[in-house]
Enquirer: 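Structure below; questions to follow.
Throughout, protein chains are lettered first and strands after them, A, B, ... in sequence-line order, and every chain is numbered starting at 1.
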Protein chains: 2
Amino acid sequence: MAYHNHHSHVDCIRLVPIFNHLNDEQMHLIAQSANEVQYVKNELLFRFGDKDDTLYIINNGRVRIYSLSESGREQTIRILHPGDFMGEVAVLQTEGYHSNYAEAISETSICRIHKKDLDQYLDRYPEIMRRILSDITKRLQLSEKQTVQVSIEPVEARIIDFLSENVEDEKNHTYVTLPMSKKDLATYLGTTPETISRKFSSLEERGLIKRHTQKCVEIFDLDELLFVSS
Amino acid sequence: MAYHNHHSHVDCIRLVPIFNHLNDEQMHLIAQSANEVQYVKNELLFRFGDKDDTLYIINNGRVRIYSLSESGREQTIRILHPGDFMGEVAVLQTEGYHSNYAEAISETSICRIHKKDLDQYLDRYPEIMRRILSDITKRLQLSEKQTVQVSIEPVEARIIDFLSENVEDEKNHTYVTLPMSKKDLATYLGTTPETISRKFSSLEERGLIKRHTQKCVEIFDLDELLFVSS
DNA sequence: CGTCTCCTTGAGTGTCCTCAACATATGTGG
DNA sequence: CCACATATGTTGAGGACACTCAAGGAGACG
């Protein structure tokens with residue numbers, strides 16, 4: 001990783017939902033205490049068990065949070081995009097140990113804010129805490145949903161659900177741009193690349209989807225697809 | 001359910017971690033706005049999709065939060081005990097719809113606080129928000145762990161992990177008192193009662209545990225048990 | 001003591017994982 | 001820009017784990 005100590009990281013702060021309600025002066029103040037770090041693709045930001053007391057904010061790029069099972073298999077927890085934050089262990093756990101792994105999946109720049117600074121802002125601007133709370137509540141809901149899916153829905157239903165949540169409509173064509181590799185998608189959906197591949201093939205044979213490129217899938221009839229999965 | 005409108009629900013408030021740092025007067029104030037509700041065993045507190053804007057605090061009894069899959073199978077998300085709260089959808093989601101089901105699994109009494117009241121307290125006593133945030137962060141970690149387990153660990157490992165997290169040591173005997181029926185344990189661990197039963201039998205055959213009563217299991221060697229699961 | 005629920009055990013089946021080979025992308029240095 | 005090296009994706013065969021369905025047993029409760 002590479003450190004950059006520009007005087008202003010306001011850009012970093014401005015696009016973050018948890019801070020963007022502040023005025024310029026306030027943002028500037030926060031930006032002062034943030035430091036920017038660059039990571040290259042595949043670089044690890046932290047590992048399970050690392051002690052840490054900073055909040056990470058994605059400025060640019062994408063980060064994958066994942067966990068390892070005893071047997072060494074990966075479970076992708078979520079993918080962070082610019083504006084997302086992570087490392088909330090630091091925010092509130094008195095003992096701040098990371099409970100999973102974070103990896104840059106592209107060239108990524110991060111802003112880091114230390115707990116002691118953040119604590120000040122939380123006291124001074126309660127709205128920040130509200131927004132963090134709102135974000136984490138949302139994530140909790142998603143996480144619980146993911147648990148249910150992974151545990152009781154068959155793989156095909158999980159894939160279809162995932163597709164339906166990532167559709168982009170464009171001139172009477174419904175298609176999906178996969179936000180990650182099939183390999184990572186597999187670990188996200190709690191399965192293997194082979195199974196993902198097979199299910200996609202099956203859906204294609206049945207005339208429900210068409211694979212254009214690795215990342216781009218066309219959906220012929222979303223309603224029919226959703227019907228099939230139930 | 002049955003409503004009770006005692007003048008004071010301070011008892012209700014006093015034992016709740018998110019409020020118990022307040023002084024008597026403050027607690028009294030909050031208690032004023034809370035109302036107590038009683039539920040009998042198996043009664044549903046709310047269902048998926050219900051609109052709601054109250055925070056629920058368990059005063060007495062136990063509540064099970066669960067979710068239903070398309071196919072009708074249940075996934076138990078968590079069990080709440082006295083002092084726990086739920087319904088945080090109301091706290092922060094502008095549109096407060098419940099995303100899962102809540103059922104009393106014993107005679108249960110609840111304190112409910114309306115969003116508009118709670119919002120006031122959050123502003124006046126920021127420490128409350130901090131504690132809620134802390135609690136939800138903790139739950140997020142647990143939920144993510146549950147996702148990983150359910151998705152990649154085999155059932156036996158999940159059971160062993162669950163047992164190891166509920167051990168109670170007593171005079172050189174290690175045993176576990178199951179906090180719920182095997183039926184509910186099955187839905188919690190993302191499996192079926194039959195499979196749970198089989199795994200317990202298997203562990204017993206291998207001399208690792210001994211079932212004394214339905215709810216009480218003795219563990220002969222915890223280290224060995226944990227070793228087996230990896 | 002009978003009923004009901006929960007638990008247990010058995011038999012059969014299906015989904016998905018593993019391992020392995022091959023194909024296709026992606027990226028790097030010559 | 002091509003050739004090679006590496007990573008990612010696809011397809012096949014075989015097998016394991018856990019689910020379903022079904023019946024019998026054990027507790028709990030009135």
Side-chain angles (χ1 to χ4, degrees), chain A residues 40-43 64 69-76 103-107 148-160 177-205 209-217 228-229, chain B residues 40-42 64 69-76 103 105-107 148-160 177-205 209-217 228-229:
Chain A
V40 298
K41 189 174 172 182
N42 295 326
E43 198 171 353
R64 181 172 73 101
S69 75
E70 304 268 342
S71 47
R73 258 177 70 191
E74 286 182 13
Q75 168 74 44
T76 295
E103 170 200 59
I105 52 180
S106 64
E107 187 82 8
V148 174
Q149 289 222 114
V150 157
S151 113
I152 48 191
E153 304 287 5
V155 172
E156 189 175 288
R158 291 179 232 165
I159 292 176
I160 291 176
T177 306
L178 299 178
M180 51 184 139
S181 68
K182 294 231 175 67
K183 185 167 154 281
D184 287 343
L185 182 59
T187 73
Y188 181 69
L189 297 179
T191 180
T192 60
E194 294 95 323
T195 300
I196 293 276
S197 197
R198 277 184 247 279
K199 295 302 176 189
F200 269 98
S201 300
S202 161
L203 291 171
E204 193 160 12
E205 272 172 29
I209 65 168
K210 170 140 186 59
R211 285 176 282 189
H212 288 284
T213 69
Q214 297 288 3
K215 295 256 190 282
C216 180
V217 179
V228 165
S229 83
Chain B
V40 298
K41 189 174 172 180
N42 295 327
R64 180 173 74 101
S69 74
E70 304 269 342
S71 48
R73 258 177 70 191
E74 287 181 12
Q75 168 74 43
T76 296
E103 171 201 59
I105 53 180
S106 65
E107 186 84 10
V148 174
Q149 290 222 113
V150 157
S151 113
I152 47 190
E153 303 287 6
V155 171
E156 189 175 289
R158 291 179 232 163
I159 293 176
I160 291 175
T177 307
L178 299 177
M180 50 186 138
S181 69
K182 293 230 174 68
K183 187 165 153 280
D184 287 343
L185 182 60
T187 75
Y188 182 70
L189 296 179
T191 183
T192 59
E194 293 96 324
T195 299
I196 293 275
S197 196
R198 276 185 249 277
K199 296 301 176 190
F200 268 98
S201 298
S202 162
L203 290 172
E204 193 160 11
E205 271 173 29
I209 65 168
K210 171 141 186 59
R211 286 176 282 191
H212 287 286
T213 70
Q214 297 288 4
K215 295 256 190 281
C216 180
V217 180
V228 165
S229 83

Enquirer: Sub-3.5 Å donor-acceptor pair from the side chain of Arg73(B) to the main-chain atoms of Ile152(A), do we have one?
Expert: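 No, the answer is negative, given that no donor and acceptor are paired below the 3.5 Å cut-off.
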Enquirer: Give the minimum heavy-atom separation between Ser151(A) and Val150(B), together with the two atoms involved.
Expert: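 What the structure gives for the nearest pair is CB-CG1, 2.8 Å.
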Enquirer: Please round to the nearest 0.5 Å and tell me the distance separating atom CD1 of Ile209(B) and atom CG of Leu203(B).
Expert: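 Rounded to the nearest 0.5 Å, the CD1-CG separation comes out at 4.5 Å.
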Enquirer: Partners of Arg211(B) by salt bridge (charged side-chain N to carboxylate O under 4.0 Å, His left out), sequence neighbours excluded?
Expert: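 Glu204(B).
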Enquirer: Strictly under 4.0 angstrom, non-hydrogen atoms only: write out the protein contact profile of nucleotides 23-30 of chain D, one letter per nucleotide from the 5' end, B, S or -.
Expert: --------
Enquirer: Could you tell me which non-hydrogen atom of Ala186(B) sits nearest to which non-hydrogen atom of Pro193(B), and how far apart they are?
Expert: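 Looking at all heavy atoms of both residues, the shortest contact is CB-N, 3.4 Å.
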Enquirer: Can you pull the contact range of chain B along DNA chain C, 5' to 3', using atoms under 4.0 angstrom from its heavy atoms?
Expert: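 Contact boundaries, 5' end first: dC7(C) to dA11(C).
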Enquirer: With Glu107(B), which residues qualify under side chain to side chain contact (heavy atoms under 4.5 Å, CB included), at least two apart?
Expert: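 Side chain to side chain contact (heavy atoms under 4.5 Å, CB included) check on Glu107(B) returns Val40(B).
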Enquirer: Among all residues two or more places apart in sequence or in another chain, which pass the side chain to side chain contact (heavy atoms under 4.5 Å, CB included) test with Lys182(B)?
Expert: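 With sequence neighbours excluded, Lys182(B) shows a side chain to side chain contact (heavy atoms under 4.5 Å, CB included) to Leu178(B), Ile196(B), Phe200(B), Gln214(B), given in chain and number order.
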Enquirer: Can you list the residues that meet the side chain to side chain donor-acceptor pair (under 3.5 Å) rule with Glu156(B), with sequence neighbours excluded?
Expert: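 With sequence neighbours excluded, Glu156(B) shows a side chain to side chain donor-acceptor pair (under 3.5 Å) to Arg206(B), given in chain and number order.
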Enquirer: Can you confirm whether more than 12 heavy atoms, excluding those of Lys41(B), are under 6.0 Å from its NZ atom?
Expert: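 No, not enclosed.
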Enquirer: Nearest 0.5 Å please: distance from the CD atom of Glu153(B) over to the CD atom of Gln75(A).
Expert: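 Here the rounded value is 10.5 Å.
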Enquirer: Could you list by number each residue of residues 192-205 of chain B showing a heavy-atom separation from DNA chain D of less than 4.0 Å, or answer none if no residue does?
Expert: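 Result for residues 192-205 of chain B: Thr192(B), Glu194(B), Thr195(B), Arg198(B), Lys199(B), sorted by number.
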Enquirer: Give, ordered by number, those residues of residues 148-155 of chain A having at least one heavy-atom distance below 4.0 Å to an atom of DNA chain C; if nothing qualifies, reply none.
Expert: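 Hits under 4.0 Å, by residue number: Pro154(A), Val155(A).
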Enquirer: Roughly how bent is the helix from dC7(C)-dG24(D) to dG30(C)-dC1(D) end to end, in steps of 10 degrees, with each end axis from five pairs?
Expert: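 So the angle between the two local helix axes works out to 40°.
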Enquirer: Within the structure shown, what part of the strands sits under 4.0 Å from Arg211(A) by heavy-atom distance: base, sugar-phosphate, or nothing?
Expert: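 Sugar-phosphate, no base atom in range.
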Enquirer: Suppose we screen for side chain to side chain donor-acceptor pair (under 3.5 Å). Which residues come up paired with Glu103(A), at least two apart in sequence or across chains?
Expert: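 Glu103(A) satisfies side chain to side chain donor-acceptor pair (under 3.5 Å) with Arg64(A) once adjacent residues are dropped.
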Enquirer: Is the backbone of Arg198(B) close enough, under 3.5 Å, to the side chain of Ser202(B) for a donor and an acceptor to pair up by distance?
Expert: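 Checking the backbone N and O of Arg198(B) against the side chain of Ser202(B), no donor-acceptor pair under 3.5 Å is found.
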Enquirer: Quick one: closest heavy-atom pair of Leu189(A) and Arg158(A), and the distance?
Expert: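 Smallest heavy-atom distance, with atoms named: O-NH1, 2.6 Å.
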Enquirer: With sequence neighbours excluded, tell me which residues meet side chain to side chain donor-acceptor pair (under 3.5 Å) with Ser229(B).
Expert: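 None.
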Enquirer: For Thr191(A), enumerate each residue passing the side chain to side chain donor-acceptor pair (under 3.5 Å) test, keeping only those at least two apart in sequence or located in another chain.
Expert: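 Applying side chain to side chain donor-acceptor pair (under 3.5 Å) to Thr191(A) gives none.
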